[in-house]
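Order of the sequence lines fixes the chain letters, A, B, ..., with proteins taken first and strands second; residue numbering starts at 1 for each chain.
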2 protein chains.
Amino acid sequence: MVKYSEADLDRTFSALADPTRRALLARLGREDGVSVSELAEPFPVSLPAIMKHLNVLSDAGLIRREKSGRTVTCRLNAAPLADAMAWLDFYQRFWSAQLDRLADFVENEPT
Amino acid sequence: MVKYSEADLDRTFSALADPTRRALLARLGREDGVSVSELAEPFPVSLPAIMKHLNVLSDAGLIRREKSGRTVTCRLNAAPLADAMAWLDFYQRFWSAQLDRLADFVENEPT
DNA sequence: CCTTAACTTAACCGCATGGTTAAGTATAGC
DNA sequence: GCTATACTTAACCATGCGGTTAAGTTAAGG
């Protein structure tokens, strides 16, 4: 069902590994369809720096850019995150299992 | 509830951004408590390279190392993944919403 | 003790990343 | 057509990453 290729996971996770990029995604989650300059405005870095982040995000397939006139509108494309979630899910379960085992231990431990 | 600090998410996601590191975690998910040299064995890279990966993983809190005698045993610690999951969860929802909207669109589209 | 085994640390290398400034392209508006 | 706006690209720089080989530590075993 979920296909996850290693290279895709690499790109997705490393795109998410930067706080500026996560903030950009967060903005696009709140507000759909934001121009490049509007996206860049809140950040203390130059426009070209934001451009590079946007390139990383679209290479990872996490955003889509659409040019109309001289402004470029960005929107979130969260599909690749589903693969990342699927990968994490197994370990999430493992973690839950760990907690369950701990709970059992605590419960069955003689005082 | 979930506290996620930006720096922790940075470390977690960038730890997950490498296929060798994901493979190491996968191994520890299947088999709990593996020595460093056993972990390194399947990979076509040198031991020091694996050491660096293990350092990254323990800096991110994803594994724990315990020395006994001259062997070091590694085990998975999936707790930080919960934070990563929590962060992704919102966008997962956004993605679902996108799919719902697409479904609506397809459904209501005149042929 | 000496040696081997299991890690660890150090020093180096090439390449990617995140940032900069400066120059380039293209569209909107007067 | 000129000019300002909205991006984009180029060139550069420092730092970090993933790898290497070589040397260093620590604990078993004979």
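- For B:Arg65, the CZ atom is densely surrounded, since the number of other residues' heavy atoms within 6.0 Å is greater than 12.
- One atom, CD1 of B:Ile50, and another, P of D:dT20, lie 9 Å apart when rounded to the nearest Å.
- Atom CG of B:Asn55 is separated from atom C1' of D:dG18 by 13 Å (rounded to the nearest Å).
- Atom CZ in B:Arg65 sits roughly 10 Å away from atom C1' in C:dC7 (whole-Å rounding).
- An OP1 or OP2 oxygen of D:dG18 is reached within less than 4.0 angstrom by a side-chain nitrogen or oxygen of B:Arg21.
- Spacing between atom CZ of B:Phe43 and atom C1' of D:dG18 amounts to 14 Å, rounded to whole angstrom units.
- For A:Val45, whose side chain is taken as the heavy atoms from C-beta onward, the closest listed nucleotide among D:dG18, C:dT20, C:dT8 is C:dT20.
- A salt bridge links A:Glu66 to A:Arg75: one of the charged nitrogens lies within less than 4.0 Å of a carboxylate oxygen.
- Contact check, A:Ser46 against C:dG19: no side-chain N or O comes under 4.0 Å of OP1 or OP2.
- Nearest heavy atom pair, residue A:Ala84 against residue B:Leu88, reads CB-CD1, 4.2 Å.
- Applying the 4.0 Å criterion to OP1 and OP2 of D:dT5, one finds that A:Thr71 has every side-chain N and O outside that range.
- Taking the nucleotide of DNA chain C with the nearest heavy atom to each of A:Ala49 and A:Ser68, the more 5' of the two is matched to A:Ala49.
- Of the candidate nucleotides C:dG18, D:dC7, C:dA22, C:dA22 has the atom nearest to the side chain of A:Pro48.
- Take the nearest nucleotide of DNA chain C for A:Ser14 and for A:Gly69: the residue whose nucleotide is more 5' is A:Ser14.
- Between the side chain of B:Arg22 and the backbone N or O of A:Glu6, at least one donor-acceptor pair lies under 3.5 Å.
- Rounded to whole angstrom, the span from the CD atom of B:Glu66 across to the P atom of C:dA6 amounts to 18 Å.
- In this structure the side chain of A:Met85 reaches within 4.5 angstrom of the side chain of B:Asp89, judged on heavy atoms.
- If you measure from atom NZ of B:Lys67 to atom C1' of D:dA27, you get 8 Å, rounded to the nearest angstrom.
- At C:dT17, none of the side-chain N or O atoms of A:His53 fall inside 4.0 Å of OP1 or OP2 (strictly under the cut-off).
- Residue B:Arg70 places no side-chain atom within donor-acceptor reach of the base of D:dT26, judged by atom type and a 3.5 Å distance cut-off alone.
- The CG atom of B:Leu47 sits 17 Å away from the P atom of C:dA10 (whole-angstrom rounding).
- Nearest to the side-chain atoms of A:Met51 among the listed nucleotides D:dG19, D:dC12, D:dT8 stands D:dT8.
- Rounded to whole Å, atom P of D:dG18 lies 15 Å from atom CZ of A:Phe13.
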